[in-house]
J.: 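I'd like to ask some things about the structure below.
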Amino acid sequence: MPQSYLSIEQAKEAGREGTVVDLRGWVYRTRGSNKLVFLVLRDSTGIIQCVGSKDDLGEEVFKRSKELFIESSVTLSGTVHKDERAPGGFELHLNRIEAVKAAEPFPITKDQSEEFLREKRHLWLRSRKMNAILKVRSTVTGAIHEFFRGRGYYEFTPPIFTPNACEGGSTLFEVKYYDDVIYLTQSWQLYAEAAIFSLERIYDVSPTFRAEKSKTSRHLSEFWMAEMEAAWMGYREAAKVAMDEVRFITERVLERNRADLELLEADPSRLERALSKEWPMITYTEALGLLRDRGGLEVEWGKDLRTIEEEKLMEHFDTPVVIIQYPKEVMAFYKPVEPDAEAPGPVARCFDMLAPEGYGEIVGGSERDTDMDSIKKALEKQGEKVENYDWYLDLRRYGSVPHSGYGLGVERLISWLCKLDNIKDAIPFPRTMTRTFP
RNA sequence: GCCGCAGUAGCUCAGUUGGCUAGAGCGUACGACUGUUAAUCGUAAGGCCAUCGGUUCGAAUCCGUUCUGCGGCGCCA
């Protein structure tokens with residue numbers, strides 16, 4: 001066995017031509033005739049075509065190499081050649097090939113359906129498509145840490161089991177907890193609000209669970225949210241941080257994953273175009289005006305923007321757009337009223353960020369209410385028991401300060417960056433209302 | 001919660017107004033082929049037509065039940 005193996009990416013580096021290299025990986029494709037075998041090798045870095053002739057390999061090895069099924073693990077060695085006939089421009093002329101473990105016939109063939117690929121997701125992860133998405137995903141989560149740490153934020157990890165509802169109880173997953181019942185978190189917010197009195201500026205990237213009965217290509221029951229919470233910060237400033245964050249992540253993906261985006265047919269230039277422009281921040285009331293004047297869509301003031309309205313609105317933009325000051329009535333209890341707004345009714349100090357190309361809401365955030373009485377009233381109105389939130393009210397009793405925060409939907413962002421048809425491809429093992437397997 | 005679509009070979013799909021022994025491609029097995037691009041050519045194996053019930057001389061096909069999956073709306077990230 002050779003001492004050191006190269007990756008396929010390394011084997012294609014300049015200056016390697018004519019040298020003998022050792023590679024290892026998995027069989028991606030095989031083709032052949034009675035004198036030649038073409039075997040495309042795959043590893044985490046890419047693919048390369050390997051050519052073996054009966055003369056070079058010997059009758060026995062040649063025959064066995066032709067019998068290797070797709071996804072067999074192999075080690076091999078050969079000479080690097082530049083060859084226009086090979087996919088990718090390089091190929092390896094084999095002088096040795098050994099199966100580490102011969103595979104059984106691989107169930108995924110060229111005829112595929114979304115449903116079948118999800119059923120075989122544990123194997124489909126090996127596909128070039130999933131490989132590219134997972135690489136982008138790694139860049140995205142890494143960039144989130146880099147962004148916040150570079151700005152003096154602390155990572156703060158919230159509990160996943162929670163006794164409280166926070167955004168209305170209907171969408172919580174109940175979990176048996178010893179002899180009791182508890183819920184899976186659907187937001188870190190209440191705990192983040194406790195932590196800012198210690199750390200002032202915090203962020204996290206963690207799983208979130210929502211039992212919404214949403215059967216769409218934009219919803220998951222388990223997804224990852226990148227959240228931030230900051231003391232002494234207003235909602236407009238938080239919205240600017242969100243825009244900076246999404247910009248930063250997009251830059252990093254363009255730097256590190258250009259080839260992955262191209263493989264996914266997610267034209268990088270559309271992201272470059274978005275980065276080259278200012279991203280608009282408009283009010284809800286202005287958005288309604290836009291819909292009426294440019295879209296011919298009349299929306300009654302006070303109604304939340306639905307999917308159709310959001311899509312219609314985003315037809316006019318090729319960058320993400322932040323919408324601020326939604327009507328107070330449609331917002332959760334913790335969002336305070338903006339007194340200075342020019343609007344037909346009370347509006348909240350809150351914002352959403354919509355992605356272009358129909359990818360919908362990627363960020364939702366707000367300033368948090370610091371007024372004890374209005375929090376209590378809002379909780380009662382939602383049917384919550386105020387005494388369950390007494391610990392949360394303590395945060396208002398002891399040195400309350402203005403503060404804001406937001407949550408970024410990691411899979412929604414990845415969907416936009418990678419131009420995915422379905423959010424279920426943005427996470428390795430999607431969990432939806434009907435899928436918990438594999 | 002509401003609305004729509006689909007279940008036929010391991011996979012992707014045909015299957016006419018109800019009519020003979022249910023078809024193709026891919027994959028698999030065997031064979032042929034010196035440069036293939038998820039090669040090509042030949043042969044073969046492979047089916048409780050999702051389920052239960054009904055109509056009929058006769059049902060993959062028509063009607064109803066149940067189950068499973070997919071998508072849209074609402075809600076959200």
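The sequence lines fix the lettering, A, B, ..., with proteins before strands; numbering per chain opens at 1. Keep in mind that the numbers below use all heavy atoms, side chains included, and drop hydrogens, waters and symmetry copies. Just so it is clear, the model here is predicted, and its values are computed rather than measured.
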J.: Could you tell me whether the side-chain ring of A:Phe38 sits stacked on the base of B:rG35, using a centroid cut-off under 5.5 Å and a plane angle under 30°?
T.: no
J.: By nearest heavy atom, map A:Lys213 and A:Ser33 onto RNA chain B; which one lands nearer the 5' end?
T.: A:Lys213
J.: Per the side-chain contact (heavy atoms from CB on, under 4.5 Å) rule, which among A:Leu23, A:Val100, A:Leu41 passes with A:Val74?
T.: A:Leu41
J.: Could you provide the dot-bracket string of RNA chain B, using ( ) for intrastrand pairs, [ ] for crossing pairs and | for bases paired to another strand, with Watson-Crick or G-U pairs below 3.5 Å?
T.: (((((((..((((.....[...)))).(((((.......))))).....(.(((..]....))).))))))))....
J.: Looking at B:rU34, I'd like to know if its phosphate oxygens (OP1 or OP2) sit under 4.0 Å from a side-chain N or O belonging to A:Asn34.
T.: yes
J.: Quick one: OH on A:Tyr326 to CG on A:Asp352, what's the gap to the nearest 0.5 Å?
T.: 4.0 Å
J.: Which nucleotide, B:rG69, B:rC75, B:rU28, lies nearest any side-chain atom of A:Arg435?
T.: B:rG69
J.: Sequence neighbours excluded, which residues qualify as side-chain contact (heavy atoms from CB on, under 4.5 Å) partners of A:Ser214?
T.: A:Glu212, A:His219
J.: Hey, do the aromatic rings of A:His122 and A:Phe429 have their centres closer than 6.0 Å?
T.: no
J.: Would you kindly give the NZ-to-P distance between A:Lys35 and B:rA32, to the nearest whole Å?
T.: 12 Å
J.: Within this structure, what is the CG-to-P distance between A:Leu117 and B:rC70, rounded to whole angstrom?
T.: 13 Å
J.: If the C1' atom of B:rC49 is compared with that of B:rG42, how far apart are they to the nearest Å?
T.: 30 Å
J.: Indicate yes or no: at least one non-hydrogen side-chain atom of A:Ser366 is less than 4.5 angstrom from one of A:Tyr235.
T.: no
J.: Mind checking whether A:Tyr154 and A:Asp204 have side chains closer than 4.5 Å, heavy atoms only?
T.: no
J.: Rounded to whole angstrom, note down the P distance from B:rG18 over to B:rC26.
T.: 33 Å
J.: Provide, to the nearest angstrom, the distance between the CG atom belonging to A:Leu354 and the P atom belonging to B:rC76.
T.: 13 Å
J.: Of A:Lys424 and A:Trp124, whose nearest nucleotide on RNA chain B comes first from the 5' end?
T.: A:Trp124
J.: For A:Gln10, look at atom CD and say whether over 12 heavy atoms of other residues, nucleotides or ligands are found less than 6.0 Å away.
T.: yes
J.: Output the rounded distance in Å from CD1 (A:Ile108) to C1' (B:rG27).
T.: 13 Å
J.: Using atom C1' in both nucleotides, what's the gap between B:rC33 and B:rG47 to the nearest angstrom?
T.: 33 Å
J.: Please determine if a side-chain N or O atom of A:Arg118 lies less than 4.0 Å away from the OP1 or OP2 oxygen of B:rG71.
T.: yes
J.: Look only at the side chain of A:Arg121 and the backbone of A:Pro428, and say whether a donor-acceptor pair between them is shorter than 3.5 Å.
T.: yes
J.: How close or far is atom C1' of B:rC2 from atom CD of A:Glu212, stated in whole angstroms?
T.: 16 Å
J.: Checking A:Glu227 against A:Tyr406 for the side-chain hydrogen bond (donor to acceptor under 3.5 Å, both in side chains) test, could you report, in this order, the C-alpha distance in whole Å, the side-chain angles of both residues, the deciding distance, and whether it holds?
T.: CA-CA 6 Å; A:Glu227 295 156 298; A:Tyr406 65 82; over 6 Å; no
J.: Give a yes/no on whether any side-chain N or O of A:Arg42 is located under 4.0 angstrom from OP1 or OP2 of B:rA38.
T.: no
J.: Report each atom pair, protein N/O against N/O of nucleotides 40-46 of chain B, whose distance is under 3.5 angstrom.
T.:
none

J.: Are A:Glu357 and A:Arg270 within salt-bridge range, i.e. N to O under 4.0 Å?
T.: yes
J.: Name the closest nucleotide to the A:Gln49 side chain, picking from B:rU36, B:rG72, B:rG71.
T.: B:rU36
J.: Hey, is the side chain of A:Asn422 poking within less than 4.0 Å of OP1 or OP2 on B:rG71, counting only N and O atoms?
T.: yes
J.: For nucleotides B:rG58 and B:rA22, find the distance between their C1' atoms and express it as a whole number of Å.
T.: 16 Å
J.: Is it the case that the ring center of A:Tyr203 lies less than 6.0 angstrom away from the ring center of A:Tyr153?
T.: no
J.: For A:Lys63 and B:rA29, what is the distance between atoms NZ and P respectively, to the nearest whole Å?
T.: 11 Å
J.: Check whether any side-chain heavy atom of A:Phe223 sits under 4.5 Å from a side-chain heavy atom of A:Phe209, and report yes or no.
T.: no
J.: In whole Å, what is the span from the CG atom of A:Leu68 to the C1' atom of B:rG27?
T.: 17 Å
J.: Test of understanding: with side-chain contact (heavy atoms from CB on, under 4.5 Å), list the residues that count as partners of A:Ser72, not counting sequence neighbours.
T.: A:Val27, A:Leu68, A:Phe69, A:Ala102, A:Ala103
J.: Answer with yes or no after comparing the ring centroid distance for A:Trp279 and A:Phe317 against a 6.0 Å cut-off, counting only values under it.
T.: no
J.: When rounded to the nearest Å, what value does the distance between P atoms of B:rC11 and B:rU51 take?
T.: 15 Å
J.: Closest approach to the side chain of A:Pro105, judged atom by atom: which nucleotide of B:rA77, B:rU28, B:rG35 is it?
T.: B:rU28
J.: Taking only N and O in the side chain of A:Lys215, is any of them less than 4.0 Å away from OP1 or OP2 of B:rG71?
T.: no
J.: Just the rounded figure in Å: distance from C1' of B:rG27 to CZ of A:Phe106.
T.: 13 Å
J.: Give me the distance, rounded to whole Å, that separates B:rC13 from B:rU56 when you measure between the P atoms they each carry.
T.: 36 Å
J.: When you compare B:rG19 with B:rA59, how far apart are their P atoms, in angstrom units rounded to a whole number?
T.: 11 Å
J.: What nitrogen or oxygen pairs link the protein and nucleotides 5-14 of chain B at under 3.5 Å?
T.:
unit_1, atom_1, unit_2, atom_2, d
B:rC11, O2', A:Asp111, O, 2.1
B:rU12, OP1, A:Ser113, OG, 2.4

J.: Quick one, which residues of residues 295-316 of chain A touch RNA chain B with a heavy atom under 4.0 Å?
T.: A:Asp304, A:Arg306, A:Thr307
